[in-house]
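Just so we're clear, the structure is a prediction, and the values are computed from it rather than from any experiment. Throughout, a chain's letter reflects where its sequence line sits, starting with A, and its residues are numbered from 1.
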2 protein chains.
Amino acid sequence: MREPHHPSCGELELPAILHALSDPARLEIVRRLSTGPECTCGTFDLGLSKATLSHHFRVLREAGLVRTRPEGRKRMLSLRDDDLNDRFPGLLDAILAADGAELQAPA
Amino acid sequence: MREPHHPSCGELELPAILHALSDPARLEIVRRLSTGPECTCGTFDLGLSKATLSHHFRVLREAGLVRTRPEGRKRMLSLRDDDLNDRFPGLLDAILAADGAELQAPA
DNA sequence: CCGCCGCTTCGACATCTATCGAACGGTCGC
DNA sequence: GCGACCGTTCGATAGATGTCGAAGCGGCGG
């Protein structure tokens, strides 16, 4: 299984990151990744088809938010929080904190 | 000139905010508003038509990022940083800081 | 080595989005 | 009032996006 392309740390672009996180499904994926260790694609049950889920993983990967590592016939997903904090310090934390704040005080 | 609709502080939704800021033109508008006081719509020269600019203002307004106040035949735009910091503390600052970081270290 | 498993890719489709020119609508100056 | 001014809204259009089923593909197990 070939290694998919990941943008380098310097290639991370803010609009792409914000766009990637502007979809509730992708925001949820990132939120889950932030609370635990890396996990496989199949562990996400968001009521979406495999094809759609794979599409969201790709958007997140190409925006530089997640890393995809092949492991046997599975793929391990992990948040690129190190690179993100290096390039945009505090951004990810602020967004995840805002996500939590929204959950606690829904509209 | 009638007062346009603004979402209340509790109606602010994170995905909508992130989506609003995921467009470079809108991000630029917010960045400019953050550095100065309120200003009129016409002060933004981003190489876009009036219609397109008005569209972006609407997206920002409906996401709760900016306030529009009629003043004569002009419209004063201002950032809703008070409401945003109340609902999502630190979020706006982190995004604007990230925007600055991107400008200083372009890809 | 044949088939299952996990995931990606393809093709399709409906919806959304960014963009523009043109038309419209208050507001102010004269 | 009349016309200029500032900005919104309308209608249109090209492109992006989210979604799915079906097909493809590499790896693992029997």
Side-chain angles (χ1 to χ4, degrees), chain A residues 1-7 13-33 37-78, chain B residues 1-7 13-33 37-78:
Chain A
M1 200 179 268
R2 76 181 187 286
E3 184 82 20
H5 173 259
H6 291 77
E13 291 181 10
L14 183 58
I17 290 175
L18 296 179
H19 173 250
L21 294 176
S22 70
D23 185 283
R26 291 193 291 260
L27 187 56
E28 172 70 14
I29 292 171
V30 169
R31 195 183 63 75
R32 291 195 194 182
L33 284 176
E38 61 181 4
C39 50
T40 69
C41 298
T43 59
F44 294 89
D45 185 7
L46 303 177
L48 298 172
S49 73
K50 283 189 307 176
T52 302
L53 221 42
S54 190
H55 159 71
H56 286 314
F57 292 145
R58 174 142 83 138
V59 173
L60 287 171
R61 179 168 45 80
E62 291 182 346
L65 281 160
V66 305
R67 216 183 318 262
T68 306
R69 184 172 55 86
E71 173 124 346
R73 49 185 153 167
K74 297 185 180 180
R75 291 191 175 226
M76 307 308 283
L77 280 184
S78 59
Chain B
M1 200 179 268
R2 76 181 187 286
E3 184 81 21
H5 173 260
H6 291 77
E13 292 182 7
L14 183 58
I17 290 175
L18 297 179
H19 174 251
L21 294 176
S22 70
D23 184 285
R26 290 193 290 259
L27 187 57
E28 172 69 14
I29 292 171
V30 168
R31 194 184 63 74
R32 292 195 193 182
L33 284 177
E38 61 182 4
C39 50
T40 69
C41 298
T43 60
F44 294 90
D45 185 9
L46 303 176
L48 298 172
S49 73
K50 283 190 306 175
T52 303
L53 222 41
S54 189
H55 160 70
H56 286 313
F57 291 145
R58 175 141 84 138
V59 174
L60 288 171
R61 180 168 43 81
E62 292 181 345
L65 281 160
V66 305
R67 217 184 318 260
T68 306
R69 182 173 56 86
E71 174 125 348
R73 45 183 158 171
K74 296 185 178 178
R75 291 193 173 223
M76 307 308 283
L77 279 184
S78 59

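Candidate nucleotides C:dC10, D:dT8, C:dC7 were compared by shortest atom distance to the side chain of B:Ser54, and D:dT8 ranks first. The nucleotide whose nearest atom lies closest to any side-chain atom of B:Lys74 is, among C:dG21, D:dC6, C:dG6, D:dC6. Across D:dC5, D:dC10, C:dC4, the shortest atom-to-atom separation from the side chain of A:Arg73 is found for C:dC4. Closest contact between the side chain of B:Phe57 and the listed nucleotides D:dT8, C:dC20, D:dC6 involves D:dT8.
Following rounding to the nearest Å, B:Arg58 (CZ) and C:dT19 (P) show an atom-to-atom distance of 15 Å. D:dC5 atom C1' lies 16 Å from atom CG of B:Leu53, rounded to whole Å. What separates CZ of B:Arg75 from P of C:dT27 is a distance of 10 Å, to the nearest Å. Rounded to whole angstrom, the span from the CG atom of B:Leu21 across to the P atom of C:dA18 amounts to 12 Å. Rounding to whole angstrom units, CD of residue B:Glu62 and P of C:dA18 are separated by 12 Å. Rounded to a whole Å, the CZ atom of B:Phe44 is 16 Å from the P atom of D:dC6. Going from atom CE of A:Met76 over to atom C1' of C:dG6 covers 13 Å, rounded to whole Å. At whole-Å resolution of the value, NZ in B:Lys50 and C1' in D:dC10 are 14 Å apart.
Taking CG from A:Leu21 and CG from B:Leu14, the interatomic distance works out to 8.0 Å, rounded to the nearest 0.5 Å.
Side-chain atoms of A:Arg31 and A:Leu27, non-hydrogen and from C-beta on, never get closer than 4.5 Å to each other. Counting heavy atoms from C-beta on, the side chains of A:Leu77 and A:Thr68 come closer than 4.5 Å. Residues B:Met76 and B:Thr40 meet the side-chain proximity criterion, which asks for heavy atoms closer than 4.5 Å.
Taking 4.0 angstrom as the limit, B:Thr40 places none of its side-chain polar atoms (N or O) nearer than this to OP1 or OP2 of D:dC6.
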Short heteroatom pairs, N/O only, protein and nucleotides 16-18 of chain D, under 3.5 Å:
from, atom 1, to, atom 2, distance (Å)
D:dG18, OP1, A:Arg26, NH1, 3.3
D:dG18, OP1, A:Arg26, NH2, 2.9
D:dG18, OP2, A:Arg26, NH1, 3.4
D:dG18, OP2, A:His55, NE2, 2.9

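With sequence neighbours left out, B:Arg67 forms a salt bridge (charged side-chain N to carboxylate O under 4.0 Å, His left out) with B:Asp82, B:Asp83.
For residues 46-61 of chain B, the salt bridge (charged side-chain N to carboxylate O under 4.0 Å, His left out) pairs, not counting sequence neighbours, are B:Arg58-B:Glu62.
Among the candidates A:His56, A:Arg32, A:Glu28, the single residue satisfying the side-chain contact (heavy atoms from CB on, under 4.5 Å) test with A:Phe44 is A:Arg32.
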